[in-house]
K.L.:
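Below are the structure tokens for one structure; questions will follow.
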Amino acid sequence: MTGMELRRHLAPAAIVTACLLPFDAFATSSWSASGSPAAIDYSLFGPAGANILTGHLSAVFANSGVQAGPFELLPYGIAHLIAVHTALGWNIFYSVFVAVLSFGIVFGLSFVRGTAPRTWSWYLALAVSAVAVLGWCVPSAVVLGHPAEVVIPVLWACAARCALEGRFAATGVLVALSAGWEVWGVLGAPVILLAVSPKVWRAALAGAVTLALLYLPFLLTGTFTMFGFAWTVSNDTLLAAIAPALHAFPWSLRLLQAAIAIGAGCLIAVLGRRVVYGVWLVPLAVILFRLLLDPVLLSYYWFAPTIVGIGMAADAVQRRQLIPLAFAAVVVGVCSVREAATFWGAGIVGLLSVAFVLVARRVDLGAILTRDRRGVLDRKDAETSPQ
């Protein structure tokens, strides 16, 4: 990306972020007024993040309940160190944090599109993204203590774009950086297969080095207990329906869940190499299979597929393609309705995703629409040209 292209991506991101500030302030203040102003897991994440900042690395993951990466812990560590405790203090902290994340997400959505914004349609797409997602998902994720749910999908989509452009080391680094927010970020690895001739070893090496830099300092302390945690299986999950005797879900089963989610992502990546929306469909497939087999379905888990759906919708708006836009709207609709956001919702959207990929492979919607528009322009030119 050249300097000029970078500036053309940064400008709309800054504009949209500035416009969002009043909405972010309203959303965070509403959350604070509804209960305790501190984030849900702040009692764990705050001290853990403060330990990173003060150099007490052996204490960061000494509690197995800390199921978050260093990037997610650091902001709450800052809040802990500066002793944020009043509602006003939390509102200011949340507003700054949300503004930074919003800027990064809008920039990421612009980067994934692959070209710098040039027409009004891209700004319209950014506006749709801002209203539908950034003013709702990002503040909610921050206040609930899990901003990883809105960051990881965007990093995966950016990694997919890098894979398509042949920048395989950057792909591995971006996937590893997503794991720096929460460990499940490694599930984004299948995006490398969107490339026609992927250099998997290059991405794997770059990703492994990045992961080592992120987590090895904590592992070497000998007090890294994250993988000793076990989740209680919730009654509203698919696992409870198919294995009623299963009550605890340890990390060994997380590995099985990860293998299935990665397998689904690899399949969609291979099938979707000729589909222009593969950069969104592969992350969506991985997320949905993760949710389908998750022992707990908390409300903020559904921010991740919602972000992907809105990113795809913004892409479809700029391309002026109705069918992908309708598909993205269904994804966002299912994930946004809490009553529908169960494992049934994940299954339905997953089946629709596979169907969309298969149809798009056989019918190149982008080429058809482009050809039709070209034909209209050619006819108009023929009619207006002098004889």
Side-chain angles (χ1 to χ4, degrees), residues 12-13 16-17 20 23-24 27 71-72 97-113 125-161 174-175 177-182 184-185 187-188 191 261 265 268 277-291 294 297-318 324-325 327-338 340-341 345-346 349-350 352-353:
V16 173
T17 302
L20 275 172
F23 298 96
D24 293 337
F71 293 155
E72 192 164 61
F97 191 7
V98 169
V100 173
L101 283 185
S102 298
F103 177 84
I105 290 171
V106 176
F107 178 81
L109 293 177
S110 181
F111 173 78
V112 174
R113 176 63 183 85
L126 285 176
V128 171
S129 302
V131 173
V133 173
L134 302 185
W136 161 51
C137 286
V138 178
S140 301
V142 167
V143 174
L144 292 172
H146 290 270
E149 299 292 335
V150 295
V151 175
I152 289 176
V154 178
L155 287 174
W156 285 0
C158 290
R161 171 55 56 188
L174 285 170
V175 171
L177 287 177
S178 73
W181 286 85
E182 286 188 9
W184 62 271
L187 301 183
V191 298
I268 295 297
Y277 295 99
V279 292
W280 307 110
L281 293 170
V282 175
L284 183 63
V286 174
I287 291 169
L288 291 173
F289 271 86
R290 171 180 174 262
L291 293 179
D294 208 278
L297 287 177
L298 299 175
S299 60
Y300 56 80
Y301 285 10
W302 296 92
F303 295 156
T306 303
I307 288 283
V308 176
I310 287 296
M312 184 174 174
D315 203 347
V317 168
Q318 185 177 6
L325 179 59
F327 169 78
V330 171
V331 172
V332 174
V334 172
C335 297
S336 300
V337 179
R338 186 170 184 178
V349 175
L352 288 174
S353 301

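These figures come from a predicted structure and were not determined experimentally. Atom set for the values below is all heavy atoms of this structure, side chains included, hydrogens, waters and symmetry mates excluded.
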K.L.:
Rounded to the nearest 0.5 Å, what's the gap from CZ on F71 to CG on L155? Could you check?
P.N.:
9.0 Å

K.L.:
Heavy atoms only: give me the nearest A328-G309 pair and the separation to one decimal.
P.N.:
CB-O, 3.3 Å

K.L.:
Can you find a heavy atom in the side chain of I307 that is under 4.5 Å from one in the side chain of V154?
P.N.:
yes

K.L.:
Kindly say whether the aromatic ring centers of W184 and W156 come within a distance under 6.0 Å.
P.N.:
yes

K.L.:
Can you name the closest pair of heavy atoms from M312 and F327 and give their distance?
P.N.:
CE-CD2, 3.5 Å

K.L.:
Enumerate donor-acceptor pairs with a distance under 3.5 Å from any side-chain N or O in residues 279-291 to protein atoms, sequence neighbours excluded.
P.N.:
| unit_1 | atom_1 | unit_2 | atom_2 | d |
| --- | --- | --- | --- | --- |
| W280 | NE1 | D315 | OD2 | 3.1 |

K.L.:
List the atom of C335, the atom of T306, and the distance in Å for their closest heavy-atom pair.
P.N.:
CB-OG1, 3.3 Å

K.L.:
Please tabulate, one pair per line, all N/O donor-acceptor pairs under 3.5 Å involving side-chain atoms of residues 141-153, not counting sequence neighbours.
P.N.:
| unit_1 | atom_1 | unit_2 | atom_2 | d |
| --- | --- | --- | --- | --- |
| H146 | ND1 | E182 | OE2 | 2.9 |
| H146 | NE2 | D41 | OD2 | 2.7 |
| H146 | NE2 | Y300 | OH | 3.2 |

K.L.:
Considering all heavy atoms of both residues, which atom of V112 and which atom of C158 are nearest to each other, and what is their separation?
P.N.:
CG2-N, 3.6 Å

K.L.:
Of all the heavy-atom pairs spanning G188 and V175, show the shortest one and how long it is.
P.N.:
O-CG2, 3.9 Å

